[in-house]
Amino acid sequence: MSKALIEDLRERGLVFQIAGEERFIDWLEEKPRTLYCGFDPTADSLHIGSLVPLLMLRRFQDAGHKPIALVGGATGLIGDPSFKAQERQLNTPDVVAGWVDKLKAQVSRFISFDESPSSAIVVNNLDWTANIDVLTFLRDIGKHFSVNAMIHKESVKQRIEREGSGISFTEFAYSILQSLDFAELYKGYECGLQIGGSDQWGNITGGIDLTRRLHGAQVFGLTMPLITKADGTKFGKTESGTIWLDPAKTSPYAFYQFWLGTADADVYKFLRYFTFLSPAEIADIEVADKAAEGRPQAQRILAEQVTALVHGEVGLVAAQRITDALFSGDIADLSSDDLAQLALDGLPVTQIYRGDLPPAFTQLLSDSGAVASGKQAKDALSRNAVFVNGSALGLEDNASPAVWFPKEQALHDVYYLVKVGKKKHHLFVVSGV
RNA sequence: GGAGGGGUUCCCGAGUGGCCAAAGGGAUCAGACUGUAAAUCUGACGCGAAAGCUUCGGUGGUUCGAAUCCACCCCCCUCCA
């Protein structure tokens, strides 16, 4: 069972390093084990960077093990310096506490809570760190850490060695807190494995050392590779910012579109990372795509799988409905209800009275957020890249509201669907005379 | 506390009195080609429809004119104590 799990993870390329590798497989095979992964509240939502570890917890749970999702109510107050170029801004305790609650709900959706032995647990490390006093911390915990070893960790090396940066004691001590988490979870839940991104290696091995010193126990660590894109740009960011897991911050439609836009060079790898499709199924998709002309199927499958995982079937259907309407359907066929639904499903929408329309279309577009600035709108207009309900506008129309939104062309009297460029859509609801 | 080095437009990074809204690279946006790809080419890239307005850590000052010079202050880094 567990051998098959590790084999599957290796095939997917999800195993970067294992701490304690010689004994790890046997240990995992022996009986159902407890493992954990930490998620620090650095915002009011997780983003897709946390998806791989979340799914990893699920993969272990599916193989019969018990996952613990740790939300870093304490570590989130400090800030993990690992591979960060700069010291981070501290957030206030009540803000972090609010984020902890949101993250708890979010991580809970990816692992299952039944009454079985492998039922998941969510914990907050503030529970065991909040009341440690300084002297106890320094004497009982700090004594186990060698500063000599800590400053040589790759994760903080840059901050220590490179001119122009630096690291506060606060952040430097972060890895001690995370190490303590592992030891505490071992003590409280017999948790014997911590998983995390490859940047967490130093923090994980710190926890392994501490657990051995405090409890004389051998525990393990497994890291996942950093997710990279073939073009070298950072994974998980787009022009409109981070891709969040919270549908209020990134709509299911935008989320679906993000995955649909995955580069060919990355898409099969991402299928292995982000879905539960077997490596064999994924290989079949790749073969079929190679044989076929035109657009590969992999992006669509990836988008469907991941959107369903994160936003459920309902979210996926909504995302696809908008996608169909905007990219392949005929917008004139959309019913009034459909249009209203698109707005609810995440299509950006602006309501405005006809009399309040600004003097320039570029201004309307930038005010509504459809474009980043009037300059961009102007550029698009001059290249005939702006469409209202399917007909192109030019730069010469910029100052004539009657041309942008002619009454007789309104869909259901009030709707104007504006397209800027190939992919950006914005719905205007224009009322009044 | 002492000595030295820095803070430039989203990022990196040039720029030491006018030719600077500020080189170059990256990122981003739009067009062409396409598959809502990639690569490539073209254009845009502080804000503004425009006239024009606002930037180079902050505040004052010198000057016809300052990102560039002066004073004070804030922040970061290195070494020393």
Side-chain angles (χ1 to χ4, degrees), chain A residues 81 84-90 156 158-168 171 229-243 253-271 285-286 288-304 307 319-320 322-329 331 347 357-387 392-401 403-404 417-426:
Chain A
K84 300 283 189 314
Q86 288 187 326
E87 185 87 7
R88 297 217 255 163
Q89 189 80 41
L90 291 176
V156 293
Q158 180 195 8
R159 291 276 289 277
I160 289 170
E161 290 180 355
R162 187 181 158 202
E163 200 166 323
S165 64
I167 184 167
S168 66
E171 286 198 3
K229 296 205 294 180
D231 63 4
T233 58
K234 201 174 152 118
F235 171 76
K237 302 269 184 182
T238 67
E239 67 283 1
S240 41
T242 305
I243 305 295
Y253 163 69
F255 190 85
Y256 182 85
Q257 285 288 325
F258 169 79
W259 294 102
L260 205 58
T262 305
D264 291 4
D266 295 318
V267 70
Y268 304 101
K269 179 170 81 173
F270 285 2
L271 278 169
I285 295 169
E286 186 165 3
D289 280 343
K290 288 236 166 75
E293 295 275 313
R295 179 159 206 175
Q297 294 300 303
Q299 278 88 349
R300 183 183 52 75
I301 296 168
L302 177 67
E304 286 172 1
T307 306
Q320 289 184 316
I322 301 186
T323 295
D324 286 348
L326 298 183
F327 290 98
S328 50
I331 53 171
L347 186 70
L357 288 171
F361 197 59
T362 46
Q363 190 182 338
L364 178 70
L365 290 180
S366 66
D367 286 354
S368 64
V371 294
S373 75
K375 281 262 166 57
Q376 295 196 350
K378 190 178 165 188
D379 182 53
L381 273 176
S382 68
R383 289 158 179 278
N384 294 314
V386 179
F387 297 84
L393 285 185
L395 196 52
E396 68 281 3
D397 303 319
N398 193 27
S400 338
V403 180
W404 323 331
L417 193 58
V418 174
K419 183 169 82 140
V420 182
K422 280 177 187 160
K423 300 186 196 176
K424 222 173 294 170
H425 297 83
H426 199 102

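Since the structure is predicted, the reported quantities are computational estimates derived from the model, not experimental observations. Each chain gets a letter, A, B and so on, in the order the sequences are listed, and its residues count up from 1. Computed over heavy atoms, backbone and side chain alike; hydrogens, waters and symmetry mates excluded.
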What contact category does A:Asn398 fall into here, base, sugar-phosphate, or nothing, at under 4.0 angstrom with non-hydrogen atoms?
sugar-phosphate
Spacing of A:Phe270 atom CZ and A:Leu302 atom CG [to the nearest 0.5 Å]
8.0 Å
Could you give the distance separating B:rG31 and B:rC45 at their C1' atoms, to the nearest angstrom?
15 Å
Using purine N1 to pyrimidine N3 plus N6-O4 or O6-N4 for Watson-Crick, or N1-O2 and O6-N3 for G-U wobble, each under 3.5 Å, what pairs with B:rU54?
none
In whole Å, measure the gap between the C1' atoms of B:rC69 and B:rU63 for me.
9 Å
For the pair made of OH in A:Tyr268 and C1' in B:rA38, what is the distance, rounded to whole Å?
13 Å
Which value, in whole Å, describes the distance between the P atoms of nucleotides B:rC19 and B:rG5?
29 Å
To the nearest 0.5 Å, how far apart are OG1 in A:Thr323 and CD in A:Gln257?
4.5 Å
In this structure, how many angstroms lie between the C1' atom of B:rU36 and the CG atom of A:Leu302, rounded?
15 Å
Ion pair check, A:Lys375 and A:Asp379, cut-off under 4.0 Å
no
Closest to the A:Ser373 side chain: B:rC29, B:rA50, B:rC47?
B:rC47
How close or far is atom P of B:rU36 from atom CD1 of A:Ile322, stated in whole angstroms?
18 Å
How is A:Pro296 classified with respect to the nucleic acid when contacts are heavy atoms under 4.0 Å: base, sugar-phosphate, or nothing?
base
Residue closer to the 5' end of RNA chain B, A:Phe387 versus A:Ala263 (nearest nucleotide):
A:Phe387
Could you tell me the Watson-Crick or G-U partner of B:rU78, where both distances fall under 3.5 Å? Say none if there is no partner.
B:rA3
Could you state the interatomic distance from CD (A:Gln320) to OG1 (A:Thr307), rounded to the nearest 0.5 Å?
8.0 Å
In whole angstroms, how far is the P atom of B:rA37 from the NZ atom of A:Lys269?
21 Å
For the pair made of NZ in A:Lys424 and P in B:rU28, what is the distance, rounded to whole Å?
12 Å
Which base, if any, makes a Watson-Crick or G-U wobble pair with B:rA71, both distances under 3.5 Å?
B:rU59
Would you mind telling me which residue lines up with the more 5' stretch of RNA chain B, A:Gly294 or A:Gln376, judged by nearest nucleotide?
A:Gln376
Any N/O donor-acceptor pair, A:Lys375 side-chain to B:rG46 base, under 3.5 Å
no
From B:rA49, B:rC29, B:rG31, nucleotide with atom closest to A:Ala360 side chain
B:rA49
What's the separation between atom CG in A:Asp289 and atom OH in A:Tyr268, rounded to the nearest 0.5 Å?
3.5 Å
Among B:rG48, B:rA50, B:rG35, the one nearest any side-chain atom of A:Arg295 is B:rG35
Any strand, both distances under 3.5 Å, Watson-Crick or G-U wobble: B:rA44 pairs with B:rU28
Pick the P atom in B:rG43 and in B:rC76, then give their distance to the nearest Å.
44 Å
Nearest 0.5 Å please: distance from the CG atom of A:Asp266 over to the CD atom of A:Gln299.
9.5 Å
Atom C1', compared across B:rG65 and B:rG17: separation rounded to whole Å
8 Å
Would you mind reading off the distance between A:Asn384 atom CG and B:rU42 atom P, rounded to a whole angstrom?
21 Å
Given the C1' atoms of B:rA71 and B:rA49, what is the spacing between them in whole Å?
44 Å
For B:rG60 versus B:rA21, give the span between their P atoms, rounded off to a whole number of Å.
23 Å
Would one find a side-chain N or O of A:Lys419 under 4.0 angstrom from OP1 or OP2 of B:rU36?
no
For the C1' atoms, the ones on B:rA32 and on B:rC20, what distance do you get once it is rounded to whole angstrom?
33 Å
Determine the interplanar angle of the A:Trp404 and A:Phe361 rings, folded into 0 to 90°, and report it as parallel if under 30°, tilted if 30 to 60°, perpendicular if over 60°.
tilted
Measure the distance from CD on A:Gln299 to P on B:rA38 and round it to the nearest whole Å.
10 Å
Please pick, from B:rA50, B:rU36, B:rA30, the nucleotide with the shortest atom-to-atom distance to any side-chain atom of A:Gln257.
B:rU36
Taking the side chain of A:Arg383 as heavy atoms from C-beta outward, which of B:rU36, B:rU42, B:rG35 is closest to it?
B:rU42
Can you tell me which nucleotide in B:rA44, B:rA49, B:rU36 comes closest to the side chain of A:Asp379?
B:rA44
Do A:Val418 and A:Leu393 come within less than 4.5 Å of each other through their side chains, counting heavy atoms only?
no
Pick base, sugar-phosphate or nothing for A:Ala399, based on heavy-atom distances below 4.0 Å to the nucleic acid.
nothing
Identify whether any heavy atom of A:Ser382 sits under 4.0 Å from a base atom; if not, whether one sits that close to sugar-phosphate; answer base, sugar-phosphate or nothing.
nothing
Round to the nearest Å and state the distance from A:Leu365 atom CG to B:rA30 atom C1'.
13 Å
Looking at A:Lys423, does any N or O in its side chain come under 4.0 Å of the phosphate oxygens OP1/OP2 on B:rA37?
yes
Can you tell me whether the side chain of A:Asp264 and the base of B:rG35 have a donor-acceptor pair closer than 3.5 Å?
yes
Sort out the partner of B:rA14 for me: Watson-Crick or G-U wobble, both distances under 3.5 Å, none otherwise.
none
